[in-house]
Amino acid sequence: MYQIAIITALVAGMAAAVSMMKKRLPKRLFGQMIWLMFAVYIAGNLYFTLLSRVPGSGTQLDLQPFQTYAKLFEWREAGFENATGFAAAFLKDTSPFVGVFLNVLLYCPLGYLLHILFPKLKPRYIVLIGCLCSVATEATQYFFKMGWCETDDVIHNTLGTAAGIWLWKRQLKSSTRGGHTDD
């Protein structure tokens with residue numbers, strides 16, 4: 001459960017930092033900071049999903065949607081046994097319940113930051129990008145035998161991308177409701 005709290009705090013911290021930077025930084029510097037945040041996010045995502053995994057350590061393919069929810073009642077650890085380093089320590093003893101939320105939270109910054117970086121891009125295309133990134137990650141894990149390849153991960157990652165878009169839109173709406181616009 002502590003993993004959810006840590007990742008939620010990081011996502012909330014990102015949103016608070018973006019809000020503060022949008023108000024205080026010139027538009028160009030704000031854009032550069034968002035690109036930097038995006039690069040850090042991509043590096044973190046790649047670390048947790050691919051770089052911390054041992055290639056050839058085994059794989060399981062589960063293409064039946066919503067199997068994670070059946071596992072919620074089995075009270076066993078989620079499939080992170082092939083992770084190494086910090087990721088292994090962070091994900092140790094993770095239940096399927098926590099795994100669901102971590103998969104959603106993992107892609108929340110993607111939707112959030114892409115919507116800021118490309119404001120004219122329709123939200124459905126950002127969600128599609130999130131879905132395709134998740135499919136690419138799952139396919140890579142499968143082909144290099146680096147853990148579970150699950151349809152549910154794609155569903156939860158895509159949901160996380162949509163949640164990130166919603167978070168940015170809500171944050172933008174509340175900042176304009178306060179009597180000032182940031183553009």
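Starting from 1, each residue takes its place in the sequence as its number.
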Flag yes if [X] and [Y] sit in one hydrophobic cluster, no otherwise; membership is Ile, Leu, Val, Met, Phe, Trp, Tyr, and two members link when side-chain heavy atoms are under 4.5 Å apart.
X	Y	answer
Ile126	Val104	no
Tyr112	Leu132	no
Leu128	Val135	no
Ile165	Leu159	no

Side chains of [X] and [Y]: closer than 4.5 Å at any heavy-atom pair?
X	Y	result
Thr151	Asp62	no
Leu102	Ile7	yes
Val98	Tyr2	no
His115	Leu172	no
Leu50	Gln141	yes
Thr8	Phe101	no

Could you tell me the separation between the [atom1] atom of [X] and the [atom2] atom of [Y], rounded to the nearest 0.5 Å?
X	Y	atom1	atom2	value
Arg170	Leu167	CZ	CG	8.5 Å
Thr49	Met146	OG1	CE	7.5 Å
Trp168	Leu117	CH2	CG	10.0 Å
Ile42	Cys133	CD1	SG	6.5 Å
Cys108	Asn157	SG	CG	11.5 Å
Phe118	Ile129	CZ	CD1	7.5 Å

Heavy-atom pair with the smallest gap, counting every atom of [X] and [Y]:
X	Y	value
Gly147	Arg53	CA-NH1, 4.2 Å
Ala15	Gln171	O-NE2, 2.7 Å
Leu110	Thr161	CD2-OG1, 4.1 Å
Val154	Cys131	CG1-SG, 4.0 Å
Phe30	Val18	CE1-O, 3.7 Å
Met21	Met33	SD-CB, 3.6 Å

For this session: Using atom types as modelled and distance alone, determine if a side-chain donor or acceptor of Ser134 lies under 3.5 Å from a backbone N or O of Gly130.
Result: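 No: the side chain of Ser134 does not pair with the backbone of Gly130.
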
For this session: Answer yes or no: is there a donor N or O on one side and an acceptor on the other, between the side chain of Glu138 and the main chain of Glu150, under 3.5 Å?
Result: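 Here the side-chain-to-backbone pair exists.
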
Problem set entry | Ring geometry between Tyr41 and Phe38 (parallel below 30°, tilted from 30 to 60°, perpendicular above 60°) | tilted

For this session: Report the C-alpha distance between Ile116 and Lys22 in whole Å, list the side-chain angles of each, state the deciding distance to 0.1 Å, and finish with yes or no for side-chain contact (heavy atoms from CB on, under 4.5 Å).
Result: CA-CA 11 Å; Ile116 296 170; Lys22 186 155 178 56; over 6 Å; no

Problem set entry | Phe144 CZ: over 12 foreign heavy atoms closer than 6.0 Å |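 No, the 6.0 Å shell around CZ holds no more than 12 heavy atoms from other groups.
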
